Amino acid sequence: MTSMSRARVARRIAAGAAYGGGGIGLAGAAAAGLVLAEVHLARRRVGNGMSPHVPSADGRYGRTYDVPGEVPLRLTMLGDSTAAGQGVHRAGQTPGALLASGLAALAERPVELRTVAMPGACSDDLDRQVALVLAAPDPVPDICVIMVGANDVTHRMPPTRSVRHLSSAVRRLRTAGAEVVVGTCPDLGTIEPVRQPLRWLARRASRQLAAAQTIGVVEQGGRTVSLGDLLGPEFAANPRELFGPDSYHPSAEGYATAAMAVLPTVCASLGLWPAEEERPDASRREGFLPVARAAAEAASEAGTEVTAAMPSGPRGPWALLKRRRRRRVPEQEPAPAAPSN
């Protein structure tokens, strides 16, 4: 499928989400059913893709940067098992901990991490998760990171419904005052036990959803980072290193790779990334594109960020596509959380 074809499909899904449609399929209903069956078989083969324990990483990071009277940055993780860190055994190996540690180091300021992500969640659980975030007595988070989409594909949720729930979550968080970064649907074609040709179908379905997610998120004022193609080649080449023991969830190294991709966008959304890197670099094929085309390119290219850039024109809203340089983030166990005032 060409980039232009992917853009048209993504635009139709996003439009259906915005206007209440629900009949657009991901790579065809029959193909999605086959993918579902194969992934479920793969999960049984590797122990249901589940780890009995998801380490709690909530707490304060970067305490060495504590300054009396200065409040910490607040980071909240929403989404599914990928956002929660299922598949690793130490809190410091979860994506939330890695992002909090990296953000604290780059901002030179403590970061308070809270996780409301739920293993097994689909996008329709974001309604509940956002309600938890906004109902908390603490101030609204400075930044929310959402990772979601894989379960939507494997559970055959209509993509229009999936994008509608994600767009609503982003809108509610942005309206409340939080910045939002979404790691779009990962590439399910990298799940090792899934065989061809279903691996190709899973990849196609994942990328279609990722592109549609990008349109929905950008239109609501959030930013997206493509995870699928970033992790895909590395997972395929190094499955024992980048997948966890269940061969379904990422390992500690896999989560570090994802965190390195998301961290620059998190920092940029908070105004913490170097100003010279905010300008598009033509040598890295960065620039302004219609949002649907930017979404399609991001879904198939490693670590690509998409953010709103210009008002709507003849071809619809425009976006800035960037390929940020990734930096290694430190692993850090959370210090005990300070009592809330």
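Owing to the predicted nature of the structure, the values given are computational and were not obtained by experimental measurement.
Residues Leu166 and Met77 do not share a hydrophobic cluster, clusters being chains of Ile/Leu/Val/Met/Phe/Trp/Tyr side chains in contact below 4.5 Å. If you chain together hydrophobic residues whose side chains sit under 4.5 Å apart, Val111 and Val266 fall into the same group. One hydrophobic cluster, built from ILVMFWY side chains closer than 4.5 Å, cannot hold both Val148 and Leu209; they sit in different ones. Transitive grouping of hydrophobic side chains (ILVMFWY, heavy atoms separated by less than 4.5 Å) keeps Met147 and Met118 in distinct clusters. No continuous path of ILVMFWY side-chain contacts below 4.5 Å connects Leu113 to Tyr65, so the two sit in separate hydrophobic clusters.
A distance-only check finds a donor-acceptor pair linking the side chain of Ser101 to the backbone of Ala97 [under 3.5 Å]. Between the Ser162 side chain and the Pro158 main chain, no donor and acceptor come within less than 3.5 Å of each other.
Taking 4.5 Å as the limit, every side-chain heavy atom of Thr76 sits out of range of all side-chain heavy atoms of Val145. Side-chain contact between Val181 and Cys144 is absent, with no heavy-atom pair separated by less than 4.5 Å. Annotation: side chain of Pro139 is in contact with side chain of Arg74 (closest heavy-atom distance under 4.5 Å). Side-chain atoms of Pro280 and Phe288, non-hydrogen and from C-beta on, do get closer than 4.5 Å to each other. Side-chain contact between Gln93 and Tyr255 is absent, with no heavy atoms from C-beta onward closer than 4.5 Å. Inter-residue side-chain proximity for Leu134 and Leu173 is flagged as met; some heavy-atom pair is nearer than 4.5 Å.
When only modelled atom types and interatomic distance are considered, Thr265 and Glu305 share a side-chain donor-acceptor pair under 3.5 Å. With no hydrogens or angles considered, a side-chain donor-acceptor pair links Asp281 and Ser283 at under 3.5 Å.
A side chain to side chain donor-acceptor pair (under 3.5 Å) with His165 is found for exactly one of Asp124, Asp127, Asp152, namely Asp127.
Electrostatic pairing of Arg60 and Asp66 counts as a salt bridge here, judged by a charged N lying under 4.0 Å from a carboxylate O. The pair Lys322-Glu278 does not count as a salt bridge, with every side-chain nitrogen at least 4.0 angstrom from each carboxylate oxygen.
Here the straight-line distance linking atom OG1 of Thr307 with atom CG of Leu321 works out to 11.0 Å at 0.5 Å rounding. Considering CG of Leu103 and CG of Leu98, their distance stands at 12.5 Å, rounded to 0.5 Å.
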TODO: Check the pair Glu179 / Arg174 against salt bridge (Lys or Arg N to Asp or Glu O under 4.0 Å), numbers first and verdict last.
DONE: CA-CA 6 Å; Glu179 297 292 336; Arg174 292 289 292 129; 3.7 Å; yes
